[in-house]
Asker: 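I'd like to ask some things about the structure below.
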Amino acid sequence: MKKHPFKGSRALLLSVLIPLMFPQVIPEPLRWIWLTLVALVVLKRLGIISFGFDRSATGEDGTASSKSSGSRRDGVTHRGEIVAHGSAPYQFDEANRLSYYITLRTKRGDDRTVWGIDLKRVALETPLAVGDTVALEFLGREAVVVKQPVRNDQGHVVDHRKVSTHRYSWKAHVLPV
């Protein structure tokens, strides 16, 4: 069952109602800026847009999108038609380790690439194929320790070190066309 994106959001409701009900509280130009920002928050919670400044180094175990990192709250869903999926160096950078990705084409026609080790399991269990319309649901994250290669000046792997990070869990639903 999908969570309601606004459940318990009294502060969001008040941030819309107060400027509208009491226009003298905020001057008009600021009121429109404020309401625009609130509208962006609403669109983000609905999953229509994504934005953020958290470019953390989650690496190939994370789920960062190739366009933006997006929201990582449980229940967030990415919908679209699968245009590609498989194993590749994280963010298609040859210097990174292999990870699994699924590229979705949204209804608006833009492509969104979602990365994560767990997506391989999801693609095999569901099973997913190019052309399927799917919903990828983010289930949460768990703490893990992974081996990260240590490279010398020439770029060769000379050792490995243990790094604490998080692994994201996903679930996929093939949607009717």
Asker: Determine whether Ile102 and Thr113 make a side-chain contact, defined as any pair of heavy atoms from C-beta on separated by less than 4.5 Å.
Answerer: no
Asker: Can you see whether His85 engages Tyr100 through a side-chain donor-acceptor pair at a distance of less than 3.5 angstrom?
Answerer: yes
Asker: Do Tyr90 and Tyr101 have ring centres separated by under 6.0 Å?
Answerer: no
Asker: Search all heavy atoms of His166 against all heavy atoms of Val144 and return the closest pair with its distance.
Answerer: C-CG2, 4.2 Å
Asker: For Glu94, check side-chain contact (heavy atoms from CB on, under 4.5 Å) against everything at least two apart and list the hits.
Answerer: Pro89
Asker: Between the side chains of His78 and Arg112, does any donor sit under 3.5 Å from an acceptor?
Answerer: yes
Asker: Are the side chains of Val146 and Arg167 in touch, meaning some heavy atoms are under 4.5 Å apart?
Answerer: yes
Asker: Looking only at atom types and distance, does a side-chain atom of Asp132 sit under 3.5 Å from a main-chain N or O of Val134, one as donor and one as acceptor?
Answerer: no
Asker: Just to verify, what does Asp159 make a side-chain contact (heavy atoms from CB on, under 4.5 Å) with, not counting sequence neighbours?
Answerer: Val150
Asker: If the condition is side-chain hydrogen bond (donor to acceptor under 3.5 Å, both in side chains), which residues does Glu125 pass it with, not counting sequence neighbours?
Answerer: Arg121
Asker: For residues 25-35, which side-chain donor-acceptor pairs fall under 3.5 Å, sequence neighbours excluded?
Answerer:
from: Glu28; atom 1: OE2; to: Trp32; atom 2: NE1; distance (Å): 3.4
from: Arg31; atom 1: NH1; to: Pro23; atom 2: O; distance (Å): 2.8
from: Arg31; atom 1: NH1; to: Ile26; atom 2: O; distance (Å): 3.1
from: Trp34; atom 1: NE1; to: Ser15; atom 2: O; distance (Å): 2.8

Asker: Side-chain contact, heavy-atom cut-off 4.5 Å: His173 with Glu137?
Answerer: yes
Asker: Mind checking side-chain contact (heavy atoms from CB on, under 4.5 Å) for Thr126 and listing every partner two or more places apart, or none if nothing turns up?
Answerer: Val122, Leu128, Ala172, Val174
Asker: Considering residues at least two apart in sequence or located in another chain, which fulfil the side-chain hydrogen bond (donor to acceptor under 3.5 Å, both in side chains) criterion with Thr133?
Answerer: none
Asker: Would you say Asp111 and Leu104 make side-chain contact, with heavy atoms under 4.5 Å?
Answerer: no
